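A short write-up of the structure that comes next.
What you see below is based on every heavy atom in this structure, not just the backbone, and it leaves out hydrogens, waters and symmetry mates. Because the structure is a prediction, the values reported are computed rather than measured.
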Amino acid sequence: MSSRLRDRTSCQPKLHNHHYQVTTKTAVAMPNHFTETLTCPLAELATNLSDSELRETAYEVLVGACRSSGVKPLTFISHSEKNSGRAPALTSTASLQRSLSSTAASNVKKALGLKSSWKRQVSGESDSERVKKAVTIGEMLRVQMRVSEQIDSRVRRALLRVAAAQLGKRIESIVLPVEMLQQLKPSDFLNQWEYEAWQRRNLKLLEAGLLLHPLLPLDKTDTAAQQLRQIICGALEKPLETGENNELMQALRSIALSLACRTFDGSVSETSHWADGFPLNLRIYRMLLEACFDVNDETSVIEEVDEVLELVKKTWVVLGMNQMLHDLCFLWILFNRYVVTGQVESDLLFAANNLLMEVEKDAKAMTDPDYSKIISSTLGTILGWAEKRLLAYHNYFHSDNTETMECVVSLAVLSAKIMVEDTSHEYHRKRKEIDLARERVDNYIRSSLRVAFVQIMEKVKSRKRSSKNQQNQFPFLSILAQGVSTLAFSEKAIFSPLLKRWHPLAAGVAVATLHSCYGNELKQFVSGIGDLTPDILQVLRAADKLEKDLVQIAVENSVDSEDGGKSIIREMPPYEVESVISNLVKSWITTRLDRLKEWVDRNLQQEVWDPRTNKENFAPSAVEVLRTVDEALEAFFLLPISMHAVLLPDLATGIDRCILHYISKTKSGCGSQSTFVPSMPVLTRCSTRSKFVGVFKRKEKFQIAQGRKSQVGTTNSNGSLGISKLCCRINTLQHFRMELDVLAKRVTSHVRNSESAHMDNTADGMGKAFELSTTACMEGIKQLCEITAYKIVFHDLSHVLWDGLYVGEVSSSRIEPFLQELEQYLEVISLTVHYRVRTRVITEVMKASFDGLLLVLLAGGPPRAFHLQDYETIADDFKSLCDLFWSNGDGLPADLIQKFSTTVNAILPLFHTDTDSLIEQFQYMTLETYGSSAKSKLPLPPTTGQWNPTEPNTLLRVLCYRSDETAAKFLKKTYNLPKKL
């Protein structure tokens, strides 16, 4: 451990001494509810190096570092010599050769508050026996790191060869994996497979240290990095020849050394940076620190921890470590070991807490961004683990293990404080008076007591269910009040004195939380009743007694506080019995609205939108919903209260929301205009076609039309009954619109006749009580009318419009089939839709029909082509379409038809205009639109869908469907349009 930690043993703060005294006794461990595994906060490596591979690497670095820093030359003893006893135990340096016979107490353990390994003392193992098992610190480290004698022998053999080849160079000046690859051959291994696995590990180390996690970021254009990556990739697929004269090996050595010796200023460094990039260095260093734990007792730190850490620190120069990073890593090792071993050895937790205090000092002085990331990740994991327990500390701690709880609180508070200060340098300036520890502990108290309250409540419910007398449900809250009172006094005696160290009003916060929890249950209880009864009064008396107990504890806890406990008392609004009646009425309103919402949903689920269910052709669910609304209003005005006018807006707003929900569901699932409009085909030019082709297509089209026409009037959802369902939805919204006006007048009358009749403002305001729903009805009717029209024209009649109209010869595929089937739909609408919205629906059908005709003429695709002489036929068809909606004066008004036929009437003359004039017009309008940029080459105008005789795209589409050689040549020359898709 560092000198700072050693110096701390003689003058530790009070908390350290307290923890040390606790650990000398039989400390009660935290209950081991389940075995946990924490996610390592150190970032994952970008390559798949296993723990065993990292451990072997760590051992190589450790042995090499000890050799480099030792005063004696590195020696190698073969297995035969070692086993025969002719040589001492395997060693490399004076450091590793040091005897383990010393019995002095560990300074590191003393500094961290760790007691000596009592398990070894209990088992009767003597110092001499332990010395026999591991004569030197080096041998002990080998055992601790789970390194076999064979691997140890091979490592030392390789390092001897490296020392001979790199005479005078220290460990930090070489790229160890490269040297190892150079010095060890397949003959040094048991078999070829073992050698190849070892070689792959070293290659992955080079990849991780020099390419994936380098200390200095790589330039993307760095050719050396690219070459190294290629060499490694090739060697991972096929074993690398590592002979001294091998060109690939020489290239590997040269490139690795150049990458490892880079510096920020561009100069060449004598230090090799191959293992000091984050997080590779931390992952390797973690394996070294794990050696501090007894390999035979995973909860015990070895007595020789001082010597082990002294050797481990020799690797700092290779791994780029320092005291601060060491403290942080060792903190994680101690904490993680405590957690993963079942949380039975509290010493480890106390040691982690003591070391965290040292990390807090380190964090204040460190500004390195990599360190900030590591400390944030590490402390975040520790904080998460601690808070999981502290947010429900009643489940984990009790009167026998409060010392452990105190340590966990300290861990959480210190971790949170370090993380906040690390992420915000202006923390103290922005929040001068804030006490982070107090905030955290306040949250723990409130959270844990809420959990404890819920558990008490579940116990009371369970006992009540198992009780023979289940008739009376009201005393439940009386029993609960007694349990909460017991919990409050227990909290005051056990936990509040401990937590007062961080929060002076710990007991006050606890009782305020319980007061709030019980108050919430009391409110729910009151919301479930309609009238005050003796049983209800019994519950209220129990609640009043509980409140007095809680307030008394809060007052006693706040005697020495600055504000005399006023802040806590303010958190405990009294259970005012006088306001219960008002709250009951509000709860009644909420319940009624919930029931209304459920009723709306249930009726909507059963609704089939069949107009034949009643004479008015609207949905039966509308009748049920309006009846339920009327019943709720009637029941509200029958309540024996004098505050109808005050509370009525709450009820009216809730009813409005429910009706809005019904209106929304009525519109949903019907699609939109875009749902039914077919997509426009790609622009093409006309070709000279045989009339036999037209005859064939006409015949095929006729068969399709006959097949689809048979669907009209069937029960298929795409047929007239599908339209009838849409009409039913329209009628339903119209019915709601009329009934809402009646409902608003009825509410106004109720208010004027109630005891609050003097409140004229409220009565006047109720005239607009359901204004939102009324507006929504109007908007919904508009949307459904448009959807109905587009469904008829573009979906139900697509076989006679989109698939049939003007396909092939215009004269043989006119609009008459479309008109015949459209007339049937208009008859359905006339017989089904409410007379007040009938004209709107038919108008929308007319607009959709006009849009459909224009779509056929301007975007009908290659099956359509028009001659100049077809104009008369098309114009005559359009007149027939208008006549259908006029219906000899019995249909839509003539001025309305004229209004919406303006666009069609403006575009039809283009089909009578000669091709040259059209081309001239198109060129002129294109130049007008795009200016001088269009002179060299005419741009292709985009399709806007807003047809207009002066709009370039509209003119272009007329040319595209002009069956004319001049038009075809122009389109091919100008835009190279194809003849077909």
Side-chain angles (χ1 to χ4, degrees), residues 524 526-533 581-610 613-666 728-729 731-757 759 762-777 780:
Q524 291 183 18
V526 173
S527 68
I529 57 178
D531 301 306
L532 289 176
T533 65
I581 295 177
S582 176
N583 292 334
L584 282 174
V585 176
K586 291 181 179 180
S587 298
W588 179 90
I589 291 175
T590 301
T591 302
R592 280 283 181 163
L593 291 175
D594 290 341
R595 291 176 184 172
L596 177 59
K597 174 66 165 51
E598 292 176 6
W599 190 249
V600 168
D601 288 333
R602 188 180 304 125
N603 276 275
L604 282 170
Q605 289 173 3
Q606 299 172 356
E607 186 58 69
V608 295
W609 307 105
D610 187 353
T613 53
N614 55 51
K615 295 180 180 180
E616 290 80 7
N617 295 329
F618 58 78
S621 58
V623 179
E624 293 299 320
V625 171
L626 287 169
R627 179 182 61 79
T628 307
V629 169
D630 193 52
E631 288 177 355
L633 288 169
E634 289 291 339
F636 173 75
F637 286 106
L638 289 175
L639 292 175
I641 57 175
S642 60
M643 52 184 74
H644 291 105
V646 177
L647 299 174
L648 179 59
D650 292 343
L651 179 61
T653 301
I655 291 174
D656 206 21
R657 283 198 297 266
C658 290
I659 295 175
L660 284 171
H661 175 65
Y662 182 93
I663 295 170
S664 174
K665 291 293 184 181
T666 302
C728 179
R729 292 173 187 258
N731 290 341
T732 302
L733 294 185
Q734 177 62 25
H735 179 68
F736 258 103
R737 180 183 174 186
M738 295 186 298
E739 288 298 317
L740 286 174
D741 293 337
V742 176
L743 202 61
K745 293 176 182 177
R746 193 180 306 155
V747 170
T748 301
S749 175
H750 275 302
V751 173
R752 294 189 186 281
N753 295 331
S754 68
E755 297 179 14
S756 306
M759 302 184 68
T762 303
D764 294 339
M766 285 300 104
K768 299 181 180 180
F770 309 108
E771 193 171 19
L772 291 177
S773 294
T774 301
T775 304
C777 281

**Item:** Spacing of CZ belonging to R592 relative to CG belonging to L651, to within rounding of 0.5 Å
**Value:** 9.5 Å
**Request:** Check step by step if side-chain contact (heavy atoms from CB on, under 4.5 Å) holds for I655 and I659.
**Result:** CA-CA 6 Å; I655 291 174; I659 295 175; 3.8 Å; yes
**Request:** Report the C-alpha distance between T732 and E607 in whole Å, list the side-chain angles of each, state the deciding distance to 0.1 Å, and finish with yes or no for side-chain contact (heavy atoms from CB on, under 4.5 Å).
**Result:** CA-CA 12 Å; T732 302; E607 186 58 69; over 6 Å; no
**Asked** Between atom CG of L740 and atom OG of S773, what is the distance when rounded to the nearest 0.5 Å?
**Response** 5.5 Å
**Request:** Using a 4.5 Å cut-off on heavy atoms from C-beta on, say whether the side chain of L626 contacts that of H735.
**Result:** yes
**Message:** If you apply the rule side-chain contact (heavy atoms from CB on, under 4.5 Å), what do you find for Q734 with F618, and how did you get there?
**Reply:** CA-CA 9 Å; Q734 177 62 25; F618 58 78; over 6 Å; no
**Asked** Which pair of non-hydrogen atoms, one from A619 and one from C728, has the smallest distance, and what is that distance?
**Response** N-SG, 3.7 Å
**Message:** salt bridge (Lys or Arg N to Asp or Glu O under 4.0 Å), that's the test. Do K597 and D601 meet it? Break it down for me.
**Reply:** CA-CA 6 Å; K597 174 66 165 51; D601 288 333; 2.9 Å; yes
**Asked** Can a salt bridge be assigned to the pair E598 and R595 using a cut-off of 4.0 Å between side-chain N and carboxylate O?
**Response** no
**Prompt:** Under 3.5 Å, is there a donor-acceptor pair between the side chain of S749 and the main chain of K745?
**Reply:** no
**Message:** Given F770, which partner from the list D656, D741, T653, L660 fulfils the side-chain contact (heavy atoms from CB on, under 4.5 Å) test?
**Reply:** D656
**Asked** Looking at OG1 of T748 and CG of L743, how far apart are the two atoms once the value is rounded to the nearest 0.5 Å?
**Response** 9.5 Å
**Prompt:** Step by step, would you call I663 with C777 a side-chain contact (heavy atoms from CB on, under 4.5 Å)?
**Reply:** CA-CA 7 Å; I663 295 170; C777 281; 3.4 Å; yes
**Asked** So, do T666 and F736 sit near enough that their side-chain heavy atoms are less than 4.5 Å apart?
**Response** no
**Asked** What's the spacing between D630 CG and E739 CD if we round to 0.5 Å?
**Response** 9.5 Å
**Request:** Supply the atom-to-atom distance E634 CD to R746 CZ, rounded to the nearest 0.5 angstrom.
**Result:** 7.0 Å
**OG1 on T775 to CD on E771, rounded to 0.5 Å** = 5.5 Å
**Prompt:** Does one side chain, of S621 or Y662, offer a donor that lies under 3.5 Å from an acceptor on the other?
**Reply:** yes
